[in-house]
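Before any comments, here is the structure.
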Amino acid sequence: MWHSLSSIALVYIYIYILSDNLHQHYHLNVVPSSFPEPSVNRPMAISTVGDAVNPNRKLEERLLEWRLFYPVLIRWSLKIAMWLIFVGSVIMIFLYASPPMEGNFFDIFYATDTSFYGLVGSFLVMFGAPVLILALLAVIYTMAFPREYHKTKKSKFLRFHLSTFPAFVNGPLGVVSAAELIGILVFAIYVVWAAYGYTIQNHRYVSKFPHPAKEKRLLMLEYSGYRLGTIGMFFLTFLFIPISRGSILLRIIDVPFEYAIRYHRWLGNATMTIFTMHSFCYILSWGLRGQLPHKLLRWNKHDVSYFPGLVCLVIGLLMWLTSLYPIRRRKFELFYYTHQLYAVFIFFFALHVGDFLFSASAGSIFLFMLDRFLMFCQSQTSVHIISVTSLPCGAVELVLSKPENLHYNALSFIFLRVREISQLQWHPFSVSSSPLDGRNHLSVLIKGLGQWTSNLRDNILNAPEKIEERMQFQPLTTSVEGPYGHQSPYYLKYENLILIAGGIGITPFLAILSDILHRIKEKKPCQPKHILIVWAVKRSQELSLLSMVDAENICPSFSDNLHLEIQAFITQETGPQLEDGNLQLTMHHPKLHDSNGKCISSLVATGNNIWSGVYVILPTVGFITLLTLLKAFYIKPYNITTWWFQGLLFFICMVTSVVVFGGVVVFLWRRWERKFSGYEKSMDGIDKSVQSQSKAPKSEIKTCQTTLLSSIAKKYGCRPNIQEIFKSVSNHWGNVDVGVIVCGPQSLNSSVAAECRSRNVWGQSNQPLFHFNSHSFEL
């Protein structure tokens, strides 16, 4: 294991040096001027004369070809290696439940029991280490090949993608794509296969004992509980990967956190169902034997400890029940607070199963710990609120300061905490600005829909009055986690876009529209040529949200390159209101920030690929080192054999490596930011901006009439007819790829997904192919 990690670290350094040179000299596959252009359509005689004059010409051309070929070779080598490791680990999990392979696995366990690492080494290598190795390879890949959007050649054929094709729409899981359905089927097949294989193995064990039939049935029940615990242990391996917000594994496959959170919910329900059945089998067997109270409180030395398992069960059931949709919807704070018990669950799980069984799930848990520690460090920074804009619909726009090197795209979102409202609550908000709007700020739109958002809006809007009346006013202390989201702006690869929003769901589409307008103006790679925005709102005042995108100032001639159509459906009004066309925005410039406030910390995956990679590699190597030292100088010399105590030591090694080695990286990362990344320059620019705003009036009112607001096609007293809209698009756009993005309630997602599926399956050959994407976020 140590040699493997050292080799990966050396490959990481080598590829970094190589990729740095390649990006400098061959960025975007442009041949540098220092190399002569290869002869194309040149007469042979002239080429021969040129070669005679410059005998090194062929050598230089060959060198150029090889240098251009190396990135492709390395890219595909890393991809193939990651796929082989992932598929191999899945096959290993399937084989572990196979009856013919049972003896082989036990031979491996018995052979490694006397080795230096013992059973911990074998379980960690077979089940826990593949996740860590995948993360390390993903670090190397993202560092060597940072994902940027490049204009690609338009395909002559429609491109079908499993991830954007809705397979199920109205089921209990919501909208499920074809790719997600394949993953669900793999898990279902594994459960059936494991139940079959483990049942055969259990029957073989029980049949060897000369016990009465009743005793054999009780033994069969306990063995079934043990096997269910094994299945749950493997489920636990996958449970913590989606919940890591900045996980390198999610970045490498471009799965944003709002998608991954759904997978976490599905896996959480399946895991707790398995663990509950696992516990029930033991409890039923002990109850029939009359040993239930004694067994539940027992701490075994050379077997699993039952009392920590009981604590795990109680905590798991509490988190599971409070996360069910009716409770999560009505009692969100109860769900949020009880879910923070995950740390206690992991701790007692390590005590329950011991070190070698815990090591099977340790890889994903370790990456989750890394993610949470980094998010904790990022969230300790107080963030400036540069300005606030109040809209007639009751929404407010917050503009937050950020450093120049913090990257995000138009579909990103952040978690925001305001300590004056709650010390513990974090709420997600979609970013409403484009990264091209400004280098030192990003903005979010907040509408008072719940108690927390209403309190935040009232606190902000009442601040100028309190300041003018010389009342006591406590400046807001905001903290930010993120930004998170898609690794690449996928909306730029579609020439035709349909953006469907409900209410405040228009926020990410404002960022998309602003980003596209900036790219058109700056002549950057940008595919969209036709955009249809379908927006359902309750009242016409909500249309003022469109004023956040001043299209005329961003790109005055955007209509020459972009056909934009906006259809607004005002559901609770029967006709135009008197204030239509004369929308007013109230601009506030109070001192809403702490004097010691700072930018959003760039300690996230989008900040710096090199430091993000070091943050994963160094704690991983540190964890293996601590585990080795613990084995060499404590466990073996003192003959520590108690399972639960070894599990405790294993858990302490994980936490220590995250805090100590991860803390060192975070400290150096921040020092490097302040010295080399232009952080101080960003802060100077923001301070000047704040100072200039502080000299402005406390508030000002201006009438906003933009091209976007004046060009809306409004329909009153009705909801959008998705079927008619898609029919009209199909007739006008023809045989093209259409990207469909939805941001709104679940009913809107379902209706749009159903229409996309129907059109793709039953539509005519000369109609578009619709690619469904959802941007609805819900914890």
Without hydrogens or angle criteria, can the side chains of [X] and [Y] be said to hold a donor-acceptor pair below 3.5 Å?
{"X": "Ser434", "Y": "Asp515", "value": "yes"}
{"X": "Tyr491", "Y": "Asn773", "value": "no"}
{"X": "Thr322", "Y": "Thr338", "value": "yes"}
{"X": "His775", "Y": "Glu258", "value": "yes"}

Side-chain donor or acceptor of [X] paired with backbone N/O of [Y] under 3.5 Å:
{"X": "Ser364", "Y": "Thr237", "result": "yes"}
{"X": "Arg759", "Y": "Phe726", "result": "no"}
{"X": "His278", "Y": "Ile274", "result": "no"}
{"X": "Ser247", "Y": "Ile243", "result": "no"}

* Asked: Checking side chain to side chain contact (heavy atoms under 4.5 Å, CB included) against Ile506, which of Ile500, Leu513, Ile533 comes through?
  -> Ile533

* The single option from Tyr342, Phe345, Trp320 passing side chain to side chain contact (heavy atoms under 4.5 Å, CB included) against Ile315 -> Phe345

* To do: Flag the pair Lys538 and Glu573 as a salt bridge only when some basic side-chain nitrogen lies within less than 4.0 angstrom of an acidic carboxylate oxygen.
  => no

* Side-chain ion pair, Arg417 and Glu481, N-O less than 4.0 Å -> no

* Phe415 six-ring face occupied by Arg245 cation (under 6.0 Å, within 45°) -> yes

* **Proximity of Phe335 and His339 rings by center, below 6.0 Å** => yes

* To do: Inspect the surroundings of NZ in Lys79 and state if more than 12 heavy atoms from other residues, nucleotides or ligands are less than 6.0 Å away.
  => yes

* To do: Count the heavy atoms of every other residue, nucleotide or ligand shown that sit under 6.0 Å from CZ of Arg75, and state whether that count exceeds 12.
  => yes

* Show your working on ring pair (Phe, Tyr, Trp, His ring centres under 6.0 Å) between Tyr263 and Trp266 and close with a plain yes or no. => CA-CA 5 Å; Tyr263 310 150; Trp266 299 347; 5.6 Å; yes

